[in-house]
4 protein chains.
Amino acid sequence: MSDKKIIRIGLVGYGFMGRTHSNAYNRLENFFPELKYRPVLKAVCARNKERLQAFADQWGYESIETDWRKLIARDDIDAIDICTPNNMHAEIAIAAAKAGKMVLCEKPLARTVAEAQPMVDAVEKAGVKNTVWYNYRRVPAVTLAKQLIDAGKLGKIFHYRANFLQDWTISPELPQGGEGTWRLDNEAAGSGVTGDLLAHCIDTAMWLNGGIKDVSAVTETFIKERMHTGTGEVQKVDIDDACIFHCHFDNGSLGVFESTRYARGHKAAKTFEINGEHASIKWDLHDLNRLEYFDHRDESITRGWRSIHVTDGDQPYMDKWWVPGLSVGYEHTFVHQAADFFKSLEDDSVCSPTFKEAQETQKVCEAVLESAKERRWKDTDVNWQK
Amino acid sequence: MSDKKIIRIGLVGYGFMGRTHSNAYNRLENFFPELKYRPVLKAVCARNKERLQAFADQWGYESIETDWRKLIARDDIDAIDICTPNNMHAEIAIAAAKAGKMVLCEKPLARTVAEAQPMVDAVEKAGVKNTVWYNYRRVPAVTLAKQLIDAGKLGKIFHYRANFLQDWTISPELPQGGEGTWRLDNEAAGSGVTGDLLAHCIDTAMWLNGGIKDVSAVTETFIKERMHTGTGEVQKVDIDDACIFHCHFDNGSLGVFESTRYARGHKAAKTFEINGEHASIKWDLHDLNRLEYFDHRDESITRGWRSIHVTDGDQPYMDKWWVPGLSVGYEHTFVHQAADFFKSLEDDSVCSPTFKEAQETQKVCEAVLESAKERRWKDTDVNWQK
Amino acid sequence: MSDKKIIRIGLVGYGFMGRTHSNAYNRLENFFPELKYRPVLKAVCARNKERLQAFADQWGYESIETDWRKLIARDDIDAIDICTPNNMHAEIAIAAAKAGKMVLCEKPLARTVAEAQPMVDAVEKAGVKNTVWYNYRRVPAVTLAKQLIDAGKLGKIFHYRANFLQDWTISPELPQGGEGTWRLDNEAAGSGVTGDLLAHCIDTAMWLNGGIKDVSAVTETFIKERMHTGTGEVQKVDIDDACIFHCHFDNGSLGVFESTRYARGHKAAKTFEINGEHASIKWDLHDLNRLEYFDHRDESITRGWRSIHVTDGDQPYMDKWWVPGLSVGYEHTFVHQAADFFKSLEDDSVCSPTFKEAQETQKVCEAVLESAKERRWKDTDVNWQK
Amino acid sequence: MSDKKIIRIGLVGYGFMGRTHSNAYNRLENFFPELKYRPVLKAVCARNKERLQAFADQWGYESIETDWRKLIARDDIDAIDICTPNNMHAEIAIAAAKAGKMVLCEKPLARTVAEAQPMVDAVEKAGVKNTVWYNYRRVPAVTLAKQLIDAGKLGKIFHYRANFLQDWTISPELPQGGEGTWRLDNEAAGSGVTGDLLAHCIDTAMWLNGGIKDVSAVTETFIKERMHTGTGEVQKVDIDDACIFHCHFDNGSLGVFESTRYARGHKAAKTFEINGEHASIKWDLHDLNRLEYFDHRDESITRGWRSIHVTDGDQPYMDKWWVPGLSVGYEHTFVHQAADFFKSLEDDSVCSPTFKEAQETQKVCEAVLESAKERRWKDTDVNWQK
């Protein structure tokens with residue numbers, strides 16, 4: 001333990017994502033003891049001092065800061081982890097990179113491609129380690145899907161379809177802006193479901209199936225006006241409540257994506273399905289330990305979708321946890337990404353997705369929003385190395 | 001069409017099973033045109049003349065009889081199909097066999113082993129074709145299970161478990177006796193769930209996994225008294241509302257069976273699962289086109305239960321129906337048994353289960369009921385040729 | 001039976017659909033005995049005389065014709081049922097209507113809206129009963145969905161999504177044209193998955209959720225050339241192998257549809273899901289007896305998707321068949337439509353979808369194909385009376 | 001944080017259960033910050049010093065001991081947590097109680113009822129807090145089941161069925177005894193699946209449905225001999241590989257239980273189903289976030305099994321974790337039990353199951369094993385306060 005190298009974390013923001021990241025750091029020593037680097041929770045930063053101290057106590061942060069600039073200025077911080085609303089990502093990340101800190105940023109990287117550009121430039125110029133928390137890549141079943149695809153099990157890909165369906169904003173009484181609902185406020189969030197939910201789907205999709213070339217999208221805002229918690233007034237809702245698009249991937253396959261917060265019965269239905277020449281794969285976040293797999297090469301009379309319970313030691317990350325049949329949950333995805341980040345320090349490799357890769361996802365999001373607005377196909381200009 | 005040999009059917013009873021059998025005969029020409037024998041619905045027999053005539057018209061019977069003895073005496077009848085309550089099976093079957101008629105009998109064969117004995121003797125002495133309508137063997141998915149087991153896919157068998165759960169008798173207002181509820185009247189039915197539901201499970205089990213050697217059972221009658229539609233009086237309920245037993249099979253595997261009409265949420269949950277050294281199989285009547293199959297020989301990282309949609313042309317009976325993906329239903333099981341019966345006439349083979357085989361099932365049922373009564377293990381004396 | 005009015009059927013085409021329709025007619029007397037009209041299978045028409053006679057024998061047609069014009073000219077035919085490839089629908093239907101025959105036509109009505117127009121005109125001018133076999137409306141679970149929606153259970157609708165996924169044309173060895181594969185020949189079929197599969201989804205969707213206003217589509221042809229069984233030569237494939245579109249419904253909801261024959265693991269995955277303010281519904285043809293239903297008004301701690309096994313007597317059509325828990329299959333949908341058609345004769349009502357309604361579905365198909373070709377949104381000009 | 005009362009933990013054993021318990025203690029501060037007591041990992045005890053130190057480092061134990069007697073003798077230990085093989089539970093627990101320590105013991109409490117008796121006596125005499133880690137009660141979905149039952153949602157109970165199926169000992173090459181396989185060694189484990197797996201099922205069952213009155217069981221040992229890692233010789237296998245029993249509960253319902261390690265395809269299929277007059281409940285550890293619930297009081301046409309994704313804030317324990325739709329896993333059950341244990345210190349209540357309650361579970365296990373051996377029904381003498 002004593003000979004591990006220490007990375008001193010400074011966390012900005014203590015909301016939902018602040019909790020998932022803090023938990024990830026706290027689990028590493030127990031479940032990834034072989035790592036040569038380990039995090040120390042040095043400081044957490046937010047504006048409300050009282051609640052911040054409670055958060056620090058709960059999660060074990062040694063100190064607090066109420067000004068993120070001060071946090072970045074501290075010598076005893078090695079890495080800045082950004083868990084603020086989206087509109088603050090850029091400023092903080094750029095300052096952190098300039099100060100030579102590693103930067104871990106919640107997704108989406110930024111509200112726009114343009115906003116992301118100086119972020120990418122800053123980390124590349126500073127040569128600092130960086131990663132964006134597209135955590136769903138590290139669900140063991142999703143990582144297994146990646147392995148199967150890369151091993152060529154599916155053959156040529158024909159179709160990719162993905163959803164992220166929720167139902168928590170159906171009530172017109174829900175306000176926009178403020179702590180629980182800044183995701184409904186376009187100024188803070190940059191977009192609605194496109195940046196919040198589809199960004200996840202797009203990151204997973206490009207990781208599994210390569211670059212998205214062009215898109216044709218439609219968006220909808222079902223509730224046109226909501227009370228704004230900032231102004232206290234009923235204001236126009238500017239975010240997209242729902243978004244659907246189809247697309248071409250670089251590999252010639254067709255994609256279709258849908259996201260909404262108006263799908264009754266779906267709490268967090270992040271799903272994907274990919275159909276190849278030889279085999280197909282399906283996954284649903286609600287049952288995240290399961291991967292559905294169909295292999296046409298199975299003997300015809302016993303061919304069927306296999307429901308794989310991804311909890312065995314030879315499946316991704318699962319040698320770290322329990323024994324076959326015993327599930328992991330949502331939070332483990334962050335632990336896995338944190339572990340991979342620290343592992344990347346050992347051999348000076350990259351912890352994907354980097355800012356650069358996350359900007360490519362941003363390009364798709366932006367093309368989607370523009371396509372919907374202009375009612376026409378848009379090229380994405382994505383440059384994805386598969 | 002004209003050169004087919006005709007088998008003239010005389011049906012006794014026009015209840016639920018009268019409908020399923022009549023439908024089976026009527027479908028043969030359309031779906032099994034290659035058969036060299038074909039049924040003609042010559043006569044149907046029951047006591048209520050008016051309703052009988054309506055049934056005959058609906059299903060295409062040429063004539064009616066109100067006395068089954070007269071039906072059997074007719075020269076223009078080749079086969080007697082028995083769809084009466086269980087207490088009438090023996091008398092009719094024996095008379096039919098003596099008259100040289102083929103006999104097709106609804107399950108269970110009889111109320112007791114002793115009652116079944118002269119039935120078996122009669123058909124064997126007369127040398128007439130006979131079969132008992134344990135229709136669930138002919139669900140395509142169940143027949144496929146049989147093929148997989150016989151091909152050795154499962155290896156040595158360790159476990160067999162089967163249920164038949166229903167929930168239609170929970171109300172104490174339901175009477176016993178009479179048309180819809182004779183199954184609750186011990187005099188007419190011979191037993192409760194054991195003869196009605198478990199008999200199906202036992203027939204399927206021995207067909208798939210061989211003879212059952214000994215049993216240890218418990219039964220329960222949850223509603224102790226019900227109005228009897230015959231006497232109009234509240235009488236003791238003598239049937240078993242629920243029955244559970246475990247057992248040893250001849251092949252050394254353990255079995256466990258449960259049946260009840262008090263399992264809320266289950267309309268007709270006839271299920272089985274069989275665990276072998278190499279592979280396992282599961283099935284549920286509610287989703288009868290699906291067979292669940294797990295093969296341990298699959299590559300470990302993609303191993304999982306396969307949900308096989310048994311609707312392809314290379315799967316049992318399915319070349320007769322539609323195209324892959326298009327389901328068949330409950331009634332098709334009777335069509336398949338009827339087709340197999342007529343096919344057995346072509347080459348003078350046996351249409352399993354015969355009376356003799358059905359009596360073996362009866363032995364298990366009887367041992368189960370006795371075991372429950374005496375609270376001890378009972379040998380079944382089953383002699384099953386697998 | 002004797003006082004029923006007889007409708008003498010003349011069937012054109014004896015392929016897969018010829019079988020499903022013939023079976024539907026043959027089942028009516030057994031399962032819908034209360035109908036006042038009944039079909040008589042008078043004649044079946046096709047070119048190959050030998051196979052035609054075998055078909056007639058198998059299904060009980062009294063006579064055969066090798067020229068459909070002669071069939072239509074016969075005085076002893078009341079209704080023409082069209083089961084030919086799509087390119088022959090129009091000519092036959094128009095001639096039949098002119099001859100004063102009722103017309104039942106397989107879907108899609110025609111290859112194009114323009115081709116459909118004189119068909120609609122013909123039946124309307126002649127005032128003859130007409131219907132198009134969009135059979136999936138009559139799956140009991142789908143009809144139940146319609147009832148729930150019409151009863152207002154879902155409230156305002158936000159989303160509609162539908163798929164029809166298959167995997168039978170992935171092999172490049174498969175030819176185009178000819179008996180089993182005319183659906184790959186654009187000349188015969190008019191389009192690929194759009195007319196064959198999406199037409200079903202669109203009919204169901206508009207029936208459940210009202211008119212589709214505009215569409216934005218993409219299509220793909222994965223295998224560019226196939227041997228043509230007619231010419232014996234390798235020719236360009238003109239059909240759409242896959243098609244995806246999103247759309248606006250008249251009621252303000254968003255729709256997304258996808259169809260392909262390149263989705264490994266899906267034999268006939270016709271699915272739909274509809275999300276309303278209060279409740280949601282899902283259905284899949286593979287498990288056609290089940291309807292998934294989520295009602296937000298359920299108590300929160302026990303709220304979840306309900307898997308309804310639609311086999312009870314109080315659910316659509318199910319009083320005609322067996323008892324709760326016992327499934328029906330694919331073919332029953334045609335029996336139901338035939339029954340509804342004959343019922344419509346009793347009170348001179350309409351058996352939906354009529355030619356007129358089916359032409360509206362055609363409009364969506366055409367807008368979809370044009371949108372894909374032109375890479376832009378297209379209005380459908382659908383006029384749907386919900 | 002500073003004003004919390006500290007409970008200094010001494011853990012005995014560092015195997016699989018040592019990890020789950022250590023993790024539980026480590027999570028409390030992050031997820032249950034409101035607790036007034038908190039654990040400090042003072043010492044861990046086992047024989048292999050090198051590996052022990054590594055474990056201590058990994059999990060944060062301050063010190064190590066290689067003799068559990070010394071651990072118990074230490075003044076700076078408040079609670080002893082026992083994670084050894086079953087044959088050491090009694091001696092350690094009794095000594096700990098005598099020393100006035102709180103005792104937390106892995107299940108099963110002991111190998112026999114007789115062995116458990118002085119354990120119960122010891123904790124009761126010493127008046128020390130005690131609990132047994134029957135962790136599955138604290139799966140949120142299982143706790144929800146308990147709430148629903150206690151609220152009377154199910155009405156009178158008719159049936160209880162439970163399984164715990166695994167498939168990890170099918171290979172005859174697997175040895176008995178030793179670190180990974182002491183569960184196959186009767187001396188160390190006390191029994192096979194009965195104590196290891198069925199004990200869990202029985203604890204859950206009595207918690208949910210009350211006392212078990214009498215049992216009738218069968219056991220089987222499929223592999224008769226295995227190499228013993230201790231002696232290095234092939235020895236007779238004395239454990240039960242499989243066990244099935246049926247029983248009566250005090251409330252008049254029937255139960256059936258099955259456990260095996262020879263059920264291919266099941267990694268950890270701990271399941272239960274309970275059927276009541278009004279409603280039924282089902283659960284499976286493989287999909288532990290889901291509870292299946294059927295309520296007969298739902299409107300008949302939309303009645304079906306509800307698949308409840310138990311991840312909402314108003315469902316048990318779930319306000320501590322993430323947001324609706326985001327799963328928890330296996331390890332959370334231990335965190336919940338630890339939290340409940342510390343909560344019980346605040347108000348001096350009981351953290352169920354206590355040693356006393358766990359002994360009742362032991363009684364059922366023992367009656368089961370005796371029933372199997374003697375081939376007859378056995379009374380359990382359970383005294384369960386529901």
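Just so we're on the same page: letters track the sequence lines, and every chain starts at 1.
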Which heavy-atom pair separates [X] from [Y] by the least distance, and what is that distance?
| X | Y | value |
| --- | --- | --- |
| Leu288(D) | Val139(D) | O-CG1, 3.5 Å |
| Gly276(D) | Phe158(D) | C-CD1, 4.1 Å |
| Gly255(C) | Phe249(C) | CA-CE1, 3.8 Å |
| Phe257(D) | Ala205(D) | CZ-CB, 3.6 Å |
| Ala24(C) | Ala338(C) | CB-CB, 4.0 Å |
| Leu291(D) | Ala141(D) | CD1-O, 3.6 Å |

Quiz item: Where does Leu148(D) contact chain C at under 4.5 Å (heavy atoms): side chain, backbone, both or neither?
Solution: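 Interface part for Leu148(D): side chain.
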
Quiz item: What part of Ile301(D) gets closer than 4.5 Å to chain C, counting heavy atoms only: side chain, backbone, both or neither?
Solution: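 Its backbone and side chain both get close to chain C.
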
Quiz prompt | Note, Leu104(D) side chain near Phe341(D) side chain (heavy atom, < 4.5 Å) | solution =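 In short, these two side chains touch, coming nearer than 4.5 Å.
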
Let me see the donor-acceptor pairs closer than 3.5 Å between chain C and chain D, or none if nothing turns up.
from	atom 1	to	atom 2	distance (Å)
Lys153(C)	NZ	Glu299(D)	OE1	2.7
Glu299(C)	OE1	Lys153(D)	NZ	2.7
Ser300(C)	OG	Asp314(D)	OD2	2.4
Ile301(C)	O	Gln315(D)	NE2	3.0
Thr302(C)	O	Arg306(D)	NH1	2.9
Thr302(C)	OG1	Arg306(D)	NH1	3.1
Trp305(C)	O	Ser307(D)	N	2.8
Arg306(C)	NH1	Thr302(D)	O	2.9
Arg306(C)	NH1	Thr302(D)	OG1	3.1
Ser307(C)	N	Trp305(D)	O	2.8
Asp314(C)	OD2	Ser300(D)	OG	2.4
Gln315(C)	NE2	Ile301(D)	O	3.0

